Amino acid sequence: MNDTTINSSQLGANSLVERAKRNQHRFWAFSGLIFLVIGFSLASPNFFQTSNIISILQATSVNGVLAIAATLVIITAGIDLSVGTLMTFCAVVAGVLLTNLGLPMYIGIPGALLSGFLAGALSGFFVAKLNIPPFIATLGMMLVYKGLSLAICGGRPIYFNDTEGFVDISTGSIIGHIIPAFPIPNGVLILFLVAIFASFILTRTILGRFIFALGSNEEALRLSGVNTDRWKIVVYSLAGGICAIAGILLASRINSAQPAIGQGYELDAIAAVVIGGTSLSGGKGTMLGTIIGALIISVVANGLRILSVPQEWQIVVTGSIIILAVYADQLRRGKT
Amino acid sequence: MNDTTINSSQLGANSLVERAKRNQHRFWAFSGLIFLVIGFSLASPNFFQTSNIISILQATSVNGVLAIAATLVIITAGIDLSVGTLMTFCAVVAGVLLTNLGLPMYIGIPGALLSGFLAGALSGFFVAKLNIPPFIATLGMMLVYKGLSLAICGGRPIYFNDTEGFVDISTGSIIGHIIPAFPIPNGVLILFLVAIFASFILTRTILGRFIFALGSNEEALRLSGVNTDRWKIVVYSLAGGICAIAGILLASRINSAQPAIGQGYELDAIAAVVIGGTSLSGGKGTMLGTIIGALIISVVANGLRILSVPQEWQIVVTGSIIILAVYADQLRRGKT
Amino acid sequence: AEDKPYIALVSKGFQHQFWQAVKIGAEQAAEELGAEVTFEGPDGEGAVDRQMDMISAAIAKKPTAIGIAAIDSQATVPLLKTAQKDGIPVIAFDSGVASDIPLTTASTDNLASAALAADKLAELIGGSGQVAIVSFDQTSQTGIERRDGFVNQIEAAHGDVEIVAIEYGGGDHLKSAEITKTLLQAYPDLKGIFGTNEGSAIGVAIGKKESSSDVVVVGYDSGKAQTDAVRDGTIAGAITQNPVGIGYEVVKAGIAASKGEKLEPHIDTGFYWYDKSNIDDPTIQAVLYD
Amino acid sequence: MNILVDMSGIEKHFPGVHALKSVQFELREGEVHALMGENGAGKSTLMKILSGVYTRDGGSVQVMGQDVDFAGPREAQDAGVGIIHQELSLMNDLTVAQNIFIGREPRNFLGILDEVLLNKNAKDIFEKMNVGMDVGAEVGTMTIAKQQMVEIAKALSYNSKILIMDEPTAALNDTEIQELFRIIDQLKADGVGIVYISHKMDEIKQISDRVTVMRDGEFVGVRDSKDTSIEDIISMMVGRDLELETEQKPDTSDNMTALEVKNLNRGKFVKNVSFSLKKGEILGFAGLMGAGRTEVARVIFGADRLESGEIFIDGEQKFIDTPSKAVEAGIGYLSEDRKHFGLVLGMDVRTNISLASIARFGSSLGILNEAKISKTATDFISKLDIRTPSEKQEVKLLSGGNQQKVVIAKWLLRDCDILIFDEPTRGVDVGAKSEIYKILRDLAASGKAIIVISSELPEILRLSHRIAVMCEGNLTGFLPANSSQEEIMRLATATMQSSNNKNNQISEMSS
Ligand SMILES: Nc1ncnc2c1ncn2[C@@H]1O[C@H](COP(=O)(O)OP(=O)(O)OP(=O)(O)O)[C@@H](O)[C@H]1O
Ligand SMILES: Nc1ncnc2c1ncn2[C@@H]1O[C@H](COP(=O)(O)OP(=O)(O)OP(=O)(O)O)[C@@H](O)[C@H]1O
Ligand SMILES: [Mg+2]
Ligand SMILES: [Mg+2]
């Protein structure tokens, strides 16, 4: 069995290389982030200061949570264009429950989360049962949630002035109570909790295993006797629930449900996902990567503003960074 | 060779059925359109009137041309999110050439078209040579063109008041000169000419053959000795050139290059493509379908307005129609 | 419904609260005058061609009169000619059209109102120091006029005040808040910020609060969040136009025009400065919306 | 005799794999040169270098006396080298004729495609091959066998002086194979040199003039076919002798019935199919390509929807419309296309093995016990002798035979009572094949009810306790284990006229 031994040692080496590469990927995205932070810090003394770092983190919170939702769907080789308007829709639902109906937070917030789950389940149903490509199903739902949000609100925002403590959900700081030097807002804390939760789901649970398998080879999974339709619906529901969390973070931060916001956020979220190394063709991805991707976007936006780069050039630079990040990733994987 | 003969007759039947199905598809999309037109005509006497029909056609012209560009790319299993902002960018280039530099139309218009080609070639280069997924490459370029347009214009529109005849490109009516009862604007005429041209490319030229082959099995095409990279760049360039046509149509219609327009148009264009039965997974598609898809979108928008449906519900209905159209398509193909 | 007069309004925007307030004013007038109104506007920034499609559809409905807030003052002129040919009176609102077709224009003087904001901000910061603008977009007529009105007035009348940054947040609260926080970071000596519409102003207020800064904020428009912020001092004061009044006047003018009545060429719907001290005055209360 | 190809000292590295180590290969004019070796030996890689798909890292290639260094497939084609790839590489949305002439379309003087001439040229090729084909049909709608014929026609259309065939018969039935061999003879007579890669030993003996054997990326030797026995070739390939064990087939007629299906119908490929399967029995399904065997299996497994019919498991009627229900009912199906339907190639061995039984490794909250998964996977790796460095290896890096064993492990772990193996040894080398046979026999001996679908008659005859034959969607009859190939072929080509006999045979068998 001479040949086998040789083969397997080769393969062993292979897999080590693979693993190194995989870690290297995160390492690279992370180095990119560090590089940007150092660059901006050198360019302006105003950049690397506790308050600004906290601002950057806070600016990441909503987009980061949306990107987490998008990551789950993208790993299944799907895509979710509705994350932005669904976020708004859930914020509006929270507004209706808390303000218009005057219900307490312990009903209003779970209610909003539930609406996110159900909305996600509907997209999942379209994708799994009606066989509608995710791009189309979620493009359609993006418009539906947008219209519904406007219709429910009658065009005006719903304010949360009557719900005590609502603004603290995102802007209060539990950490600041403990370590006053780092008044990291709860919104950021929630982002990291959601990321850890999603990462746990991805790597340690049956659902996570199936998310990767759906993205790698859905038919093989189905022929293994797994009810792929049902699991797909579960994934989209979970993503919907996470969008609802983003909706509550947003609403709490601006103390209102603004029906006009939301469209366009999906592109930022998807950009964060791909900068973080998750492939749009599915089967691969990490939450850590997505968080790094979201941070890169925020750091670039913040840094360029601090350097007073005109806004039109900020847009150009952001577009270029998206392309560059993915190109660097391709280079590393040796695909070019 | 008994079985072979039998099989091949089966296959013959099979392929006839296939062909019928393909035609049936267009037939269905077309009936959907007719159905909508009849419905709206019954619902409001103001709908089916020459002037309104012409408005609908004119409203289709820009989106229709963009959808044609998107169709070419989507059949190769790619996607182009930059069509909207590239259109604007080309309009701005036309503005710079014609108004700022005061060049004559026979230089300004080819110049704008050339800028579209080159910009498309750049996206094609990213996709083909740098192996960046089309979604990312064109998402990045979408932002780059947007930023550049704003930067070039300095934030203000460029007007074409000094270029005589520029507004006639889209709003004049050659047909109206011949048949005064049907003053169909030139923009609509150009849409149909572009569609016929693109359809010819798709069905009668080697480029068209390769477009379908790229979307069906790129690797097989490469193994057949075809330089797939080069042809991909050609496809994206052609799409870019067609976006430039859309840019000129738009600029001529509004007599100005408005740097802020563009983002969001890509979604309408892609929606037209998929409503028209082109699959996002590539390999299949027709220009006739795309034109019907674009008309459906315009008819729905116009019809709902004529019926004074509140705008938020218009958005909901449009979203639902996108999902429904694709679902109906799936049903027909027996995929559900 | 055939006999009821029908006024079709096509605005520049649709989702934002300012436009919704115009819509409310229009609906009030319609109710009082026994008319029907529809209200539409493109939801993307500067979507000139989309707005033209909306105007076409509005004309196809053969309304009694049509009200238009043109995104681009030139592009809509051919359509207005069609309306004129069909005998449909055209009323402009919010900003003018480069044509004599509109029988009247109901609008706020954006340049003058922004100049007032500049005076107030300069006064509030003691006549000298750095200030910044957070605007909603750089291409719309209103956006340009509010920015330029402010800038020109500062340059003309307040030599010691320096405008260090002009940023655009799309009127999105969150984006405007992020911009504000970054500005405060980049310019530690920043004394004042002008938020040029409702979303921008609220965003600036959020950014100020989150940065625990004491920068002076001057806003524009109203809405509950902004009036609250004025009350609690986060926003020192704001310019308000009278959007409800604009909507009301357009419908009223449209009906009057359809009856052949003569109209003034311009209906100035006015603007006001409000702050903590006068926010509860009846004149101010009448033009605030939430 | 002229030497067409002379490759020597060929080296090729892939990331982490030294795929070719100083390999030599020679092809003469008018010969069929078989290239043999186990899965992963490097055969396809060597031929991809010859045909310009890969560039070599070292060594020299001479084609017709000229040193060549092809930069792409096009240059190889121009130099007279054509190849039929192992993996079908066709464009499904294009027609047969469009596929054959892709990149070489006839055009008129304006550069516009001449579709009529294109179809005519394609038709000519199939006429020369003596194969009926609708050249205007979309390739994606055709059977794998037909698609393979298109690949062959495409390669022939280049009029290459050197033609490489990488497992051209893996999806062909006997008649089609004989037709291919006839074409090969014709090409030989025209002086074309043919490289022929196959895992089917009998074919090598039948058509090849010389055999080159490779093992583990190295050149082992070259022999004249007529002087070499199959056993010799095999031992060169695997580096040891393989004993062909014979086995006494048990009598299972008194066993309990595990599965019974009655009057299954779906489209034109499953027509009134009824049969029953006993515990401990291996029922072989024979038939020509496209006879509908896979369709029957998929319908029973719920992968495709049943139009009518009844399915009984252990005497109890079950309604199965999804694979998950089939698995719950105790049926496992190993697809003929393991790469697309059997495995998640990008995931590791342990995940693939646990995929059908994952619930067993999860807590009530769905949290996985990774240690248990790894342990179970390692157990199966040693039990089935799966050659992999660890249970964490990505499945796509394993050779075909070992991949097949991973699929088997997945279903063994699921512990289904009824297992349907569809082409279990397709593309699997001779060593792994006999190991898979042993696994199947052991499973039957442990009381599992097994269906084996195979297009290789020797395999059917060797494994089955009883043989069912299908033709055009009909089950045309059952045969005992000791039947001859001729008897099977008669039923496999039986047309509808013999449906009366069929009924008789069925009642005969079940009585
Ligand atoms: N593109 C590639 N990247 C990495 N490794 C590869 C690649 N192609 C082949 N290999 C590896 O090279 C070795 C030889 O593979 P090759 O396909 O030539 O084998 P083969 O003899 O044709 O086997 P089979 O009989 O299964 O077709 C294997 O270890 C395989 O995993
Ligand atoms: N999912 C499907 N959609 C359309 N046609 C199919 C599908 N599956 C199988 N077919 C067709 O059904 C026919 C019967 O094929 P099937 O695979 O059942 O035959 P088989 O006897 O198993 O032969 P093979 O050895 O090719 O698997 C073939 O013509 C095949 O192309
Ligand atoms: Mg091979
Ligand atoms: Mg089969």
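Not measured: the values here are computed from a predicted model. Side-chain atoms are counted along with the backbone in the values below, which use heavy atoms only and exclude waters and symmetry mates. Letters A, B, ... mirror the listed sequences (proteins, then strands); counts begin at 1.
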Review point. Hey, is CZ on D:Arg104 packed in by over 12 heavy atoms from elsewhere, all under 6.0 Å?
Key: yes
Check your understanding: Would B:Arg222 and D:Arg74 satisfy side chain to side chain contact (heavy atoms under 4.5 Å, CB included), going step by step from the backbone distance to the final call?
Key -> CA-CA 9 Å; B:Arg222 199 176 68 82; D:Arg74 191 50 171 272; over 6 Å; no
Check your understanding: Between the side chain of B:Ser216 and the main-chain N/O of D:Asp93, is any donor-acceptor distance below 3.5 Å?
Key -> yes
Review point. With a 4.5 Å limit on heavy-atom distance, are the side chains of D:Ile102 and B:Leu221 in contact?
Key: yes
**Study point:** Toward chain B, the part of D:Ile112 with a non-hydrogen atom under 4.5 Å
**Key:** both
Check your understanding: Taking C-beta and beyond as the side chain, do D:Asn92 and B:Asn217 meet within less than 4.5 Å on heavy atoms?
Key -> no
**Study point:** B:Ser224 side, atom OG; D:Phe101 side, atom CZ - distance, nearest 0.5 Å
**Key:** 12.0 Å
Exercise for review: Assess whether atom CD1 of B:Ile174 is packed by more than 12 heavy atoms of other residues, nucleotides or ligands within 6.0 Å.
Suggested key: no
Identify all side-chain donor-acceptor contacts of residues 63-73 of chain B below 3.5 Å with residues at least two apart in sequence or on another chain.
{"unit_1": "B:Asn63", "atom_1": "OD1", "unit_2": "B:Ala269", "atom_2": "N", "d": "3.3"}
{"unit_1": "B:Thr71", "atom_1": "OG1", "unit_2": "B:Ala67", "atom_2": "O", "d": "2.6"}
{"unit_1": "B:Thr71", "atom_1": "OG1", "unit_2": "B:Thr290", "atom_2": "OG1", "d": "2.8"}

Point to revise | Student check: side-chain heavy atoms of B:Leu223 and D:Val53 closer than 4.5 Å | key: yes
Point to revise | Nearest-0.5 Å distance, CZ of residue B:Arg209 to CG of residue D:Leu118 | key: 6.0 Å
Check your understanding: Would the number of heavy atoms belonging to other residues, nucleotides or ligands and lying under 6.0 Å from CZ of B:Phe197 be above 12?
Key -> no
Exercise for review: Considering non-hydrogen atoms only, spot the tightest contact between D:Met91 and B:Ala213 and give its length.
Suggested key: SD-CB, 3.3 Å
**Study point:** Portion of D:Lys154 that has a non-hydrogen atom of chain B nearer than 4.5 angstrom
**Key:** side chain
Check your understanding: Side chain, backbone, both or neither: which part of D:Arg107 has a non-hydrogen atom closer than 4.5 Å to chain B?
Key -> side chain
Point to revise | Max heavy-atom pair count under 4.5 Å with chain B, selected residue of D:Gln98, D:Lys48, D:Met149 | key: D:Gln98
**Study point:** 4.5 Å side-chain heavy-atom contact, B:Phe210 and D:Glu105
**Key:** yes
**Study point:** Residue D:Ile100 versus chain B: region with a heavy atom under 4.5 Å
**Key:** neither
Revision key, fill the gap. Okay, D:Gln178 and chain B: the region with an atom under 4.5 Å from a heavy atom over there is neither
